[in-house]
Amino acid sequence: MRGPDGVVSLARGWRAFLAVCLLLCTGLALAQTDDSQTDATADPPARVARLSYASGDLGLMPAGSTEWAAADVNRPLTNGDKLSSGPDARAELELGGAALRISNQTDIGVLNLSDQIGQFELTQGTLSITVRNVDQGADYEIDTPTLALVINQPGTFRVDVGANGNGTTVTVFDGGGIVYGENNAQREVFSGRSYQFGDSTLSDMTVSDIQGRDEFDAWSNDRDAQYASSNSTQYVSPDVVGSQDLNQYGDWQQDDDYGAVWYPTTVAAGWAPYSLGHWVWIAPWGWTWVDAMPWGFAPYHYGRWVYLHRRWGWIPCAPRVRPIYAPALVAFVGIGRGGPVGWFPLGPHEVYNPWYRASRNYYTNVNLTNIRITRNINQETVINNIHNQYGFYHEGRPVTGVNYANRDMPHAFTAISAQAFASARNVQASQVRVDPQQFAHASVMAAAPVERPSSASFGQPRVASTRPLPSAAFNRPVVAVRAPAANVVAVGEIHAAARSNVRVLNVQPQSSPRVVSGQTFPRYGAPAQTQAAPRPVEEPARPQAAPRPAAPALPQVPHFAPAQQVQQTPRYEPQPSAVQQAPRYAPQPSMQQEQERQAIEQERFNAAQRAHQYVPEQQAPREVQPNPSYMPQQYHYQPPAQYARPEMGRPAEQQPHPQSAPHPQHAPPPARNDQQH
């Protein structure tokens, strides 16, 4: 039974994938033919960072706000947001293809986050980033007061900045990247090495092996293992942020009409989507849902909800399509400004109408990438629905003539007061009972009538007993390769000030070579084993880099050992011709073979002496200690000068070695009067 079902499921998945691709192409064509579309440069980013883990004293400074707020799990972070951790705190940001983590006493900020760029500033503390996959042309950038680290390939990195901001340490557990400094200084960093830079010129550098991992590294490694063990990618695109939590808190079931449907298993009876959490204002999207459940991110910002078999299930987008993030896939219903604000989740094929302004291209793609084509709806119907409703959205009119599937489902409709909505209050505690008839015929609200934000809309307040969060570290200058995103957030008359602490370097970013290290590291604090890396012994010189003196620390690093020492390291053989060594000769035997050969030759020499078949060259009288083994002969053998060097391949008979171990007897060589010994 499983075999045919698997084949049918695979075929259905490919049909859905091809259908979505066709929809995207059609949507782009519609967008390009619409002369009245909004400028696409003002579209929101397609990706955000999810605060997926938080422990200890952690504070959030939202973009556009001047006050610290509570850092809630499942909070989306975007350009201009800042995080500060206390002495016992840790946090993790999930980015869809990477995970960024911070240790205690760490301050970071989001400078630029989009499909192609993930740029962060680290002004103090410890940061770890694991990049699982990188699209062509995309990269991640970590900016510190000393340098900018650019990563454009999978790997695991750690960056440390002291409390005073002086110096930066970059540790590469796997992968590779490039660090940039002043005056176009650039240096590649490789797997298995820790690089300590004293200043922005990158000339004051110390390179060492990774000696071990601390508790923060072990925790980061365990979190990476959890991501690797998730098998939700067979149902969900890996670009869906938060999808790794679905298997732990729910199960997947196949439905004849909708395909794979995920059902949460940790909710109470009577639960419905968008009922446990709160609303916050996050520019440029505006009102954004923050769910209180530990798994509550992916199902609220991607895909659609459906009520099946007397419970709620989530229908993801096609697994082979990169979706566009949405702040909340709901339809708002209200009775005018100042009155209660209500909402319900959108159904499987329903069009999402944003409450923020966007181009026709964005409007089309945010719907196409989050709607799965199933057997009970075709692509033409979806395209027509998007095309018809865009007119309402573009003109700011409420959508009419749509029969929403979830509007009348059990517990689907939720409403709270306008004040509670705009103050980021808990929805479950603030929910109000409304007359169903009052909202039964109310129109779905357009973008304009949704409640306006206030200073309390950026997030829930921090607990009063927590420490006051510093602001001095965030004012510390950092250097960057790329300029941060424009951070102008309009909230009434509040505008974010232009960044003055980011200084863009005058460098041209380059693609670092792909490093496939093949190295494995211990999960916990044991020292890492030194292994041969598939890269040149010496770092290639870069003309644009600032000249650096020969670092005295390099000889103590095996991978960067000078070429003269290669002879002592068998793994680097054979040597290139440029290495200054003795002239090449036939392949030399191993040490064991050489010892055996010397023992044989010594025994042959001893045998010849005992048989009186060897007459040594007459030597000048010398005072020697009598040797009972050779009495009464009074001589001592010395090799000729031309055979003094053992590596010159002397004749087999001419290598005495009195200290050699005994060896079985061999026939003595024939005597030759003209042979020199």
Side-chain angles (χ1 to χ4, degrees), residues 44 272-281 285-291 296 299-307 312-315 317 323-337 339-358 362-364 366-372 377 381-382 384-418 421-422 427 431-432 434-452:
Y274 298 97
S275 61
L276 300 177
H278 60 277
W279 293 92
V280 295
W281 178 272
W285 299 274
W287 295 115
T288 301
W289 176 257
V290 179
D291 198 75
Y300 294 100
H301 303 289
Y302 310 92
R304 296 290 190 272
W305 283 93
V306 63
Y307 191 77
W312 288 95
W314 178 64
I315 304 175
C317 49
I324 295 179
Y325 162 87
L329 293 165
V330 301
F332 280 110
V333 179
I335 57 174
R337 186 175 301 279
V341 178
W343 60 88
F344 58 85
L346 293 175
H349 310 115
E350 295 168 355
V351 177
Y352 162 63
N353 285 279
W355 40 91
Y356 47 92
R357 306 309 302 171
Y362 176 91
Y363 183 91
T364 302
V366 75
N367 280 288
L368 289 182
T369 60
N370 285 292
I371 294 178
R372 172 177 283 182
I377 193 169
T381 302
V382 173
N384 289 337
N385 291 341
I386 294 173
H387 178 71
N388 294 334
Q389 293 195 33
Y390 177 75
F392 292 94
Y393 167 78
H394 183 69
E395 297 174 5
R397 296 184 289 121
V399 177
T400 58
V402 178
N403 184 20
Y404 291 97
N406 292 335
R407 184 166 185 168
D408 299 326
M409 291 300 171
H411 310 287
F413 184 80
T414 305
I416 61 176
S417 67
F421 179 88
V427 167
Q431 191 170 352
V432 297
V434 295
D435 183 3
Q437 297 298 325
Q438 188 178 13
F439 285 89
H441 303 288
S443 299
V444 172
M445 298 172 66
V450 179
E451 196 67 25
R452 293 188 179 277

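In this structure, the separation between OH on Tyr302 and CD1 on Ile371 is 16.0 Å, given to the nearest 0.5 Å. Rounding to the nearest 0.5 Å places CD1 of Ile386 at 6.0 Å from OG1 of Thr364. To the nearest 0.5 Å, atom CZ of residue Phe413 and atom OH of residue Tyr404 are 13.0 Å apart. Here Trp314 contributes atom CH2 and Arg304 contributes atom CZ; the two are 11.0 Å apart, rounded to the nearest 0.5 Å. Within the model, atoms OG1 of Thr288 and OH of Tyr325 stand 4.5 Å from one another, a figure rounded to the nearest 0.5 Å. Taken to the nearest 0.5 Å, the CG atom of Leu329 stands 11.0 Å off from the CH2 atom of Trp305.
At distances below 3.5 Å, not a single donor-acceptor pair connects side-chain atoms of Arg372 with backbone N or O atoms of His349. A distance-only check finds a donor-acceptor pair linking the side chain of His301 to the backbone of Ala326 [under 3.5 Å].
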**Report entry** side chain to side chain contact (heavy atoms under 4.5 Å, CB included) assessment of Met409 paired with Trp312
**Finding:** CA-CA 10 Å; Met409 291 300 171; Trp312 288 95; 3.8 Å; yes
Requested in this report: Start with the C-alpha distance between Val402 and Gln389, add both sets of side-chain angles, then the distance that settles side chain to side chain contact (heavy atoms under 4.5 Å, CB included), and finish with yes or no.
Outcome: CA-CA 9 Å; Val402 178; Gln389 293 195 33; 3.6 Å; yes
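A ring-centre distance under 6.0 Å is not found for Trp343 and Trp287.
Listed by first then second residue, pairs satisfying salt bridge (charged side-chain N to carboxylate O under 4.0 Å, His left out) with a partner in residues 341-355 number zero, not counting sequence neighbours. The stretch residues 392-405 participates, sequence neighbours left out, in these salt bridge (charged side-chain N to carboxylate O under 4.0 Å, His left out) pairs: Glu395-Arg397.
Between Val351 and the choices Tyr393, Phe392, Tyr363, the side-chain contact (heavy atoms from CB on, under 4.5 Å) rule is met once, by Tyr363. The ring-ring contact (aromatic ring centres under 6.0 Å, His included) test with Trp279 is passed by exactly one of Tyr300, Phe332, Trp285: Phe332.
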